[in-house]
Amino acid sequence: VTKDPVCWRDLAENNYKEIKVKNEKGHNIKINDKILIYRSGNHRDIKYLFEVISFEPFYGKYKLVLEKKEVLHNSLKLSEMNQDPITAKWRKKFIKGFYNIPFGPWNKIVGLISKKNPGLFEKHTPKCCSGPDSSGFPLNYKQSLLDFIKDVKKYQNKRLNEEATKQLIIIPMLQKLGWNTYDVCEVHPEYSIHHKAKRVDYILKDCNSKQVCIEAKSVGERDLDKHVKQLIEYCAFRSADIGILTSGLIWRFYRIHYHSQYLGAIKMPKMVEIDLTKDNEEKIYNTFIQYLWKGKESKIKRTPIEKPSLKDIFKIIKAFGLKDISKYNEESMKQGIVLPFLNNMGWDTTKLAEVKFEKPIFIPKRNKHEKVDYILGESSNKLIVEVKGLNTYFSNSDTMGEDQFLNYMKTGNYSYGVLTNGIQWNFYLFKNGKLWESYEINLKERGNKEDIFKSLLSKDVVLNGEYVENIEKFAS
């Protein structure tokens, strides 16, 4: 919607057209955005649909190059929009010119356009996820999956935060279902969804590159309903046909129906829910296979997914470059590098007795609570681990957050910690509340580092307190 004197009829007769519109705050225009034209005056309707090919700021305006997509033979009248309370409330903003349409009104408007113009948009039938392997879910995985479904009931009365729910239930469940969670291209955590810096907890990419959005909440989350809109919006941004909302014990599967998938405008999704603590195992199993493997099973035996070895991890890290920054955000670094690294050091990060996730501590100096990713071990000998994304290594500034991490250790009276972005590993030793020694390892540098890591990070070394002597030796 624009106040600028543009002849939209002339624009609609051309395939491409350059226009200038007032650069009002909040536009956030980007390539491939869709533009609906509301004609005021005697028409008072929506008649045209365009797409942004390119844009650039131009002396207080946006210079847009638009491509005509659709001319609505049956235009959408103002009176018709006023009949729906969502679009009626939003429609009052029309006088303000060029602006963004929120997700809810957008779905309603495209739905009304589709109803008035049958056949205008391609009919959409949701497609199920085919799984990471086109042959189907390996039946030799089934018993292990059923055993895990039984086992997770033990968390029913546990107070798990969201991170613990992910690491103790959701990630292992996906592994049992045949998804390689160590491959962050197959199971991508904290996937960037939109230019507003929104992130969905996981994107699964199947063998046909179709995507499934997963939004995770803590085991204690009682009201999943309030998170449905968020999940559906993520699915619309990614044109995903399947969305999953889970608290670890309850899994909701949403099949997304679109008025137009191309426009990201959805109808009411259809939902199926399973409760791992109440439903029978066969129902749970069949629902998982239906939504994450298209209901297909395979008698072909597959080797169970194994954690990568230290050699494999070192190889991945040495190959890191600028191209990997978006792939290895903080959560990907934990999932694909640091946790399997710690597992190779003898730590079992699937046991609450060995690891605490995102434990908050009040920091008086900053007057707020702060969290650290992992606290490993018990009694006096603990290992504090904080993980950063790959971007902190390639950044010119000090973005590892060393001061914040050291404040956490000092306030919590912890003696041993490691801060890492995968390539750079900084070890810190505290004595009597003060930083005593520090030691840095850069895995991009030549040399075999495996023995050094084992002498600093292995479970036995930490629990026996041998790290004190070892870090002092390396630091000197």
Student: Partners of Asp279 by salt bridge (charged side-chain N to carboxylate O under 4.0 Å, His left out), sequence neighbours excluded?
Tutor: Lys283
Student: Side chains of Ser144 and Lys176: do they bring a donor and an acceptor to under 3.5 Å?
Tutor: yes
Student: Quick one: side-chain hydrogen bond (donor to acceptor under 3.5 Å, both in side chains) pairs with a partner in residues 178-190, sequence neighbours left out?
Tutor: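 Found Gln175-Thr181, Gln175-Tyr182.
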Student: If you count every heavy atom of other residues, nucleotides or ligands that lies below 6.0 Å from Lys123 atom NZ, does the total exceed 12?
Tutor: no
Student: Is the Phe427-Tyr467 ring centre distance short of 6.0 angstrom?
Tutor: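 Here the rings of Tyr467 and Phe427 have centres that are no less than 6.0 Å from each other.
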Student: Does a donor on one side chain sit under 3.5 Å from an acceptor on the other, for Asn421 and Thr392?
Tutor: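 Yes - a donor-acceptor pair under 3.5 Å links their side chains.
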Student: Output yes when a side-chain donor or acceptor of Gln335 lies under 3.5 Å from a complementary backbone atom of Val187, and no otherwise.
Tutor: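 Checked: pair present.
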Student: With no hydrogens and no angle check, just 3.5 Å: does a side-chain donor-acceptor pair link Asp241 and His124?
Tutor: yes
Student: Could you verify whether a donor N or O on one side chain and an acceptor N or O on the other, from Tyr428 and Glu402, lie under 3.5 Å apart?
Tutor: yes
Student: Compute whether any side-chain donor of one residue and acceptor of the other, for Asp133 and Ser135, lie under 3.5 angstrom apart.
Tutor: yes
Student: Do Asn161 and Ser218 have side-chain atoms, one donor and one acceptor, less than 3.5 Å apart?
Tutor: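 Result is no, nothing qualifies.
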Student: Under the 3.5 angstrom rule, does the side chain of Asp373 hit a backbone N or O of Val387 as a donor-acceptor pair?
Tutor: yes
Student: Verify the distance criterion only: is there a donor paired with an acceptor across the side chains of Thr349 and Asn343 at less than 3.5 Å?
Tutor: yes
Student: For residues 142-170, which residue pairs qualify under ring-ring contact (aromatic ring centres under 6.0 Å, His included), counting only residues two or more places apart or in two chains?
Tutor: none
Student: Is it the case that the side chains of Tyr262 and Ser239 hold a donor-acceptor pair, with the cut-off being a distance below 3.5 Å and no angle test?
Tutor: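 Not at all, the side chains of Ser239 and Tyr262 share no donor-acceptor pair under 3.5 Å.
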Student: Would you indicate whether Lys278, at its atom NZ, is surrounded by more than 12 heavy atoms from other residues, nucleotides or ligands within a distance under 6.0 Å?
Tutor: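 No, NZ of Lys278 has 12 or fewer neighbouring heavy atoms, counting only those of other groups under 6.0 Å.
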Student: Just wondering, more than 12 heavy atoms not from Lys351 lying within 6.0 Å of its NZ?
Tutor: no
Student: Above 12 or not: heavy atoms from other molecules or residues under 6.0 Å from NZ of Lys294?
Tutor: no
Student: Hydrogens and angles aside, do Gln230 and Tyr234 bring a side-chain donor and acceptor to less than 3.5 Å of each other?
Tutor: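 Side chains of Gln230 and Tyr234: pair found under 3.5 Å.
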Student: For Gln143 and Asp147, test the side chains for any donor-to-acceptor distance below 3.5 angstrom and give the result as yes or no.
Tutor: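 A donor-acceptor contact under 3.5 Å links the two side chains.
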Student: Verify, without hydrogens or angle tests, whether Ser458 (side chain) and Lys454 (backbone) share a donor-acceptor contact under 3.5 angstrom.
Tutor: yes
Student: More than 12 heavy atoms of other residues, nucleotides or ligands under 6.0 Å from NZ of Lys299: yes or no?
Tutor: no
